[in-house]
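Notes for the one structure printed next.
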Amino acid sequence: MLAGVVLTPLKRIYHPQGDVYHALKSSDNGFHQFGEAYFSTVNFHEIKGWKKHTKMTMNLIVPTGSIKFVVYDDRENSKSNDQFFEVVLSADNYARLTIPPGVWLAFQGRGVELNLLLNIASIEHDPLETNVQVLDHFNYNWS
């Protein structure tokens, strides 16, 4: 695991009339403050990234579909410098991935149907605090 990155298993409460999926409480590790929440989709085999926030903490949840997340740490003084972390979130691995500011993130749709991502972010989106790189900038094999 990379320094500051947290993977938190989440509760899925089964109910005959429809399930309840927990996401984030203000008392949870990874919650800093609330800025905005938004949904994003990623098509099967498509990859979005690389993106690094300088201020935003992201709390990523996949309520439907399957998404592979890859996080890269290029922080000079980090104990996990120059390391990758990858995880697939889905109904079978229902969890919250907390990404601190300062690390790179990319993700790939793995499910054939809808791959839906919820980001509960600590601040509102601000393009001035976001860095972007092309996909082949880092030496990572997506196959």
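Here the CH2-CG distance, from Trp142 to Asp136, works out to 12.5 Å after rounding to the nearest 0.5 Å. Rounded to the nearest 0.5 angstrom, Thr41 OG1 and Leu116 CG are separated by 7.5 Å. Rounding to the nearest 0.5 angstrom, the gap separating the CG atom in Asp126 from the CE atom in Met56 is 8.0 Å. To the nearest 0.5 angstrom, Arg12 atom CZ is 3.0 Å from Tyr21 atom OH. We find the CD-OG distance between Gln33 and Ser26 to be 12.5 Å, quoted to the nearest 0.5 Å. Phe31 contributes atom CZ, which lies 9.0 Å from atom CD1 of Ile120 (distance to the nearest 0.5 angstrom).
Proximity of Asn43 to Asn115: side-chain heavy atoms (C-beta onward) are nowhere separated by under 4.5 Å. Taking the side chain as every heavy atom from C-beta outward, His53 and Asn131 never approach each other to under 4.5 Å. At least one side-chain heavy atom of Ile99 sits less than 4.5 Å from a side-chain heavy atom of Val5. Put simply, the side chain of Thr130 reaches to within 4.5 Å of the side chain of Lys51, judged on heavy atoms.
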For this session: Go through Asp74 and Asp82 one step at a time and tell me if the side-chain contact (heavy atoms from CB on, under 4.5 Å) criterion holds.
Result: CA-CA 5 Å; Asp74 69 348; Asp82 200 32; over 6 Å; no

Exercise. Step by step, would you call Glu129 with Ile123 a side-chain contact (heavy atoms from CB on, under 4.5 Å)?
Worked result: CA-CA 10 Å; Glu129 68 86 43; Ile123 63 171; 4.0 Å; yes

For this session: Any chance you could lay out the side-chain hydrogen bond (donor to acceptor under 3.5 Å, both in side chains) test for Lys55 and Ser122, step after step, and finish with the verdict?
Result: CA-CA 8 Å; Lys55 298 177 184 173; Ser122 63; over 6 Å; no

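At a threshold of 4.5 Å between side-chain heavy atoms, the hydrophobic network of Ile, Leu, Val, Met, Phe, Trp and Tyr places Trp104 and Val70 in one connected group. At a threshold of 4.5 Å between side-chain heavy atoms, the hydrophobic network of Ile, Leu, Val, Met, Phe, Trp and Tyr places Phe85 and Leu105 in one connected group. Tracing side-chain contacts under 4.5 Å through hydrophobic residues (I, L, V, M, F, W, Y), one never reaches Val132 starting from Val103; they form parts of separate clusters. A single hydrophobic cluster is seen to contain both Met58 and Phe107, as judged by linkage of ILVMFWY side chains at heavy-atom distances under 4.5 Å, directly or through other members. Residue Leu10 is grouped with residue Leu24 when hydrophobic side chains (ILVMFWY) are merged at heavy-atom distances under 4.5 angstrom, including chains of intermediate members.
For Gly49 against Leu135, the heavy-atom pair with the smallest separation is O-CD1, 4.1 Å. Scanning all heavy atoms of the two residues, the minimum distance from Thr57 to Pro100 falls at OG1-CA, 4.3 Å.
Evaluated for a side chain to side chain contact (heavy atoms under 4.5 Å, CB included) with Leu89, the options Leu117, Ile67, Leu7, Ile61 yield exactly one hit, Leu7.
The closest donor-acceptor contact from the side chain of Glu36 to the backbone of His125 lies under 3.5 Å. Between the side chain of Thr98 and the main chain of Asn59, no donor-acceptor pair closer than 3.5 Å is present. In terms of modelled atom types and a separation under 3.5 Å, the side chain of Asp28 and the main chain of Lys25 share a donor-acceptor contact. For Arg75 (side chain) and Ala3 (main-chain N/O), a donor-acceptor pair under 3.5 Å exists by modelled atom type. Judged by distance alone, the side chain of Arg96 and the main-chain N or O of Leu60 form no donor-acceptor pair under 3.5 Å.
Checked by atom type, the side-chain pair Tyr38/Asn119 shows a donor-acceptor distance below 3.5 Å. With hydrogens and angles left out, the side-chain atoms of Ser90 and Asp92 include no donor and acceptor closer than 3.5 Å. No donor-acceptor contact under 3.5 angstrom links the side chains of Gln83 and Tyr72, judged on distance only.
Using a 30° and 60° split on the angle between ring planes, Trp50 and Tyr140 fall in the perpendicular class, above 60°.
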